[in-house]
Amino acid sequence: MISVTKVTPGDFKGDLIAYFVRQKEKGAPVCSDDLVQQRIDRAYKVGAFKGKMEETLLIYPEKKYDGLQAGRLLIVGLGKDDLDRESFRKAGGIVSQKALEMKAESIYAVIPGDLDFPENEMAECLSEGLLLGSYTFTKYKSSNGDDDTSEVKSIKMYTSKQISAARKGVTLGAAAAEGTRIARDMAHEPGNVWTPSKFAEFGKELGKKKKCTCKVLNKAQMQKLKMGGILGVSKGSHEPPAMVVIHYRSGKKVPTLMLVGKGLTFDSGGISLKPGEGMADMKYDMCGGAAVIAAMKVIVEEQPDNVDVIAIVPASENLPGGSALKPGDIISPYGGKTVEVLNTDAEGRLILADALAYGVDTYKPDAVVDVATLTGAVIIGLGHHRTGLLANNDELAEKILKAGDRTGELLWRLPLGKEYTEQIKSKIADIKNIGGKPAGTITAAAFLQEFVGDTPWAHLDIAGTAWDYTEKSYVPKGPSGIAARTLVELVRSWQ
Ligand code: BES
Ligand code: MN
Ligand code: ZN
């Protein structure tokens, strides 16, 4: 769908050609194409276009004046502030938004040749923006004649400079964006379609790829392994739980990274039932699992040789059926610790406890990263703009913060410590699954911490960012697919 082309701008005959230009302190933005420049000059002169960040100028070009055969010419401003990777994602996203609006199916984007910015990174981030901004989910819309949907079908990138650098960048950007798009697709699926078995099916497909295996633990196997967390949470539902374990082995002597994602395919709260208003959003409670398994697909396709990767997705529903967990019940996740369940709506940490303890015990990874829509409290703390990061290891935390900066998926670290762990001590069991109102995001992480031992571990609470995320041109409304690109970046940059 996206590729670098040798076809020159003048020979492109598709729907939309896009140029990106910098705003100047004084005067019109400068474009590498002389004829496009004349259009910009005229628009600038009447105050119609300055080149501000995300500002656009649309022209219906004519071959004899503009030297272009494309249906539309879109000039996109890059502003005058310092450029970073996010600037190019945003600019790419704007082009896609406009293309969808105008029902343009084929896009041709010209990588600016006059900027002091690495060619490969411009190509990478522009392609991410283009692919993520043109994402739509129309599977459940029956076509009804008055066609109100549109789709971007082809994206071509052009450079007048280093074509091989551009190709490398587009390959990286396209793979990462594909991971995000897959995570968004999974999240969009309703709870009656995207059940725990769907995570299992997806995992088994991945298991067929080179250097990759997948096993899915079913209920009987969970019972043997004494996984009281996921067994407890799934008890109220007829939908069988699944623990999906995917293993990528590079074949080299390298460290092992373990990724764990909360795959709660619908969270009603259980007996501690949630209010009806907004409950439908709880089909998104599997976004951590989606990010992990979608990232794993990208990782397995890239076949890295710097790290081995294990992905675990504990998948379950949380429903208030006749045999559901009750407040006050005591259960025991993998490893034997006892947990007093005081609120059945704090279920994510229970299924993650099994996945973390089992994974650490079985695979002895060098580092663990889990991703979960774990607490409403993180939205109070950080809003919808940053993912909460908690870690027992500074070096790992730094790596993840850096990966988040590079992908534009920003995080903010919160503390852990014994005062918080104190809040989850139980009177009659080892620990309880809620720590009271204060510091809800931290006590949830403190609970998880109990199940990773001394292994370097980081937890990403994406409850605020998995949907209703900060408005961005390349993040349409709905599930954002957050964290998939950050995990991919983490693996790419692992050393
Ligand atoms: N899945 C929710 C967390 C959540 C809330 C995600 C809102 C996205 C938006 C989680 O299982 C949950 O219900 N957490 C409770 C914990 C509480 C009972 C200690 C919460 O945050 O209210
Ligand atoms: Mn819950
Ligand atoms: Zn939940």
Side-chain angles (χ1 to χ4, degrees), residues 187 191 194 196 199 229-230 232-237 239 241 260-291 313-321 324-329 331 339-355 370-388 390 414 420 423-424 426 431-448 459-469 478-483:
W194 198 266
F199 274 119
I230 189 166
V233 171
S234 62
K235 271 201 316 173
S237 160
E239 206 57 64
V260 175
K262 172 179 174 182
L264 211 296
T265 60
F266 188 77
D267 181 14
S268 72
I271 297 297
S272 313
L273 194 64
K274 287 183 183 292
E277 200 184 309
M279 200 201 270
D281 278 350
M282 283 299 131
K283 73 169 187 177
Y284 297 141
D285 210 16
M286 36 57 72
C287 284
V313 178
S316 170
E317 288 189 332
N318 183 23
L319 295 185
L325 271 183
K326 303 170 291 297
D329 285 359
I331 60 172
V339 176
E340 184 185 13
V341 178
L342 288 174
N343 189 320
T344 66
D345 198 10
E347 84 298 335
R349 61 198 79 182
L350 302 177
I351 67 170
L352 288 168
D354 280 330
D370 81 72
V371 186
T373 47
L374 205 62
T375 66
V378 79
I379 308 173
I380 306 299
L382 301 177
H384 293 286
H385 311 304
R386 283 184 188 244
T387 291
L390 299 100
L414 298 170
Y420 300 104
Q423 282 180 242
I424 55 165
S426 160
I431 48 175
K432 54 188 179 184
N433 77 330
I434 50 172
K437 227 174 182 184
T441 301
I442 304 176
T443 54
F447 183 95
L448 300 180
H459 159 65
L460 276 56
D461 193 333
I462 58 166
T465 49
W467 70 97
D468 286 346
Y469 185 44
S480 61
I482 198 94

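Every number for a ligand or one of its atoms is a count from 1 in the order of the listing.
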Inset, instruction - Verify, without hydrogens or angle tests, whether S272 (side chain) and N343 (backbone) share a donor-acceptor contact under 3.5 angstrom. - result: no
Legend entry - Enumerated ligand 1 atoms positioned under 4.0 Å from heavy atoms of D345: 10 (C), 11 (O), 12 (C), 13 (O), 14 (N)
Legend entry - N433 (side chain) donor-acceptor with A346 (main chain) under 3.5 angstrom: yes
Legend entry - Sub-3.5 Å N/O-N/O distance, T375 and ligand 1: no
Inset, instruction - Indicate, with yes or no, if the rings of F199 and W194 have centres closer together than 6.0 Å. - result: yes
Legend entry - L460 side, atom CG; L374 side, atom CG - distance, nearest 0.5 Å: 11.5 Å
Legend entry - Min side-chain heavy-atom separation M279-S268 under 4.5 Å: yes
Legend entry - Minimum heavy-atom distance G191-K283, with the two atoms named: N-CB, 4.1 Å
Inset, instruction - Taking the Zn ion (ligand 3) as the reference point, name the nearest N/O/S atom of D267. - result: OD2
Inset, instruction - Mark up the atoms of ligand 1 that fall under 4.0 Å of a heavy atom belonging to I434, in ascending order. - result: 19 (C)
Inset, instruction - Identify, by atom number and element, the atoms of ligand 1 in contact range of K262, meaning under 4.0 Å from any of its heavy atoms. - result: 1 (N), 10 (C), 11 (O)
Legend entry - Any donor-acceptor N/O pair, Q423 side chain to A446 backbone, under 3.5 Å: no
Inset, instruction - Report the nearest protein non-hydrogen atom to atom 14 (N) of ligand 1: residue, atom name, distance rounded to 0.1 Å. - result: L374 O, 3.5 Å
Legend entry - ligand 1 to W467 polar contact by distance, N or O atoms, under 3.5 Å: no
Legend entry - Shortest non-hydrogen separation from A324 to D329 and the atoms involved: O-OD2, 4.5 Å
Legend entry - Straight-line distance of T265 OG1 to E317 CD, nearest 0.5 Å: 4.5 Å
Inset, instruction - Examine distances only and state if a side-chain atom of S480 and a backbone atom of A466 form a donor-acceptor pair shorter than 3.5 Å. - result: yes
Legend entry - Heavy-atom nearest option to atom 6 (C) of ligand 1, drawn from S272, A466, A463, G435: A463
Inset, instruction - Could you tell me whether D267 approaches ligand 1 through its side chain, its backbone, both or neither, with non-hydrogen atoms closer than 4.0 Å? - result: side chain
Legend entry - Side-chain donor or acceptor of H384 paired with backbone N/O of T465 under 3.5 Å: no
Inset, instruction - Identify the residue among I230, V339, V233 that makes a side-chain contact (heavy atoms from CB on, under 4.5 Å) with I331. - result: V339
Legend entry - Contact (N/O only, under 3.5 Å) between N343 and ligand 1: no
Legend entry - Protein heavy atom at shortest distance from atom 20 (C) of ligand 1: G376 N, 3.9 Å
Inset, instruction - Enumerate the atoms of ligand 1 whose separation from the nearest heavy atom of M282 is less than 4.0 angstrom. - result: 1 (N), 4 (C), 5 (C), 6 (C), 7 (C), 8 (C), 9 (C)
Inset, instruction - Could I get the full list of side-chain hydrogen bond (donor to acceptor under 3.5 Å, both in side chains) partners for T373, not counting sequence neighbours? - result: D285
Inset, instruction - Taking both backbone and side-chain atoms into account, decide whether D285 has an N/O/S atom under 2.8 Å from the Zn ion (ligand 3). - result: yes
Legend entry - Protein N/O/S atoms closer than 2.8 Å to the Mn ion (ligand 2): D267 OD2, D345 O, D345 OD1, E347 OE1
Inset, instruction - Provide the number and element of each atom of ligand 1 under 4.0 Å from a heavy atom of T373. - result: 1 (N), 2 (C), 3 (C), 6 (C)
Legend entry - atom 22 (O) of ligand 1 touched by protein (heavy atom, under 4.0 Å): no
Inset, instruction - Using distance alone, decide if ligand 1 has a nitrogen or oxygen within less than 3.5 Å of any nitrogen or oxygen in G348. - result: no
Inset, instruction - Under 4.0 Å, heavy atoms only, figure out whether ligand 1 is touched by the backbone of L264, its side chain, both or neither. - result: neither
Legend entry - Residue E347 atom name (nearest to the Zn ion (ligand 3); N/O/S): OE2
Legend entry - N, O or S from L264 under 2.8 Å to the Zn ion (ligand 3): no
Legend entry - Best match, K437, E347, R349: closest heavy atom to atom 11 (O) of ligand 1: E347
Legend entry - Check: P327 main-chain N/O paired with T344 side-chain donor or acceptor under 3.5 Å: no
Legend entry - D461 vs L414 side-chain heavy atoms within contact, under 4.5 Å: no
Legend entry - T375 side chain reached by R349 side chain, heavy atoms, under 4.5 Å: yes
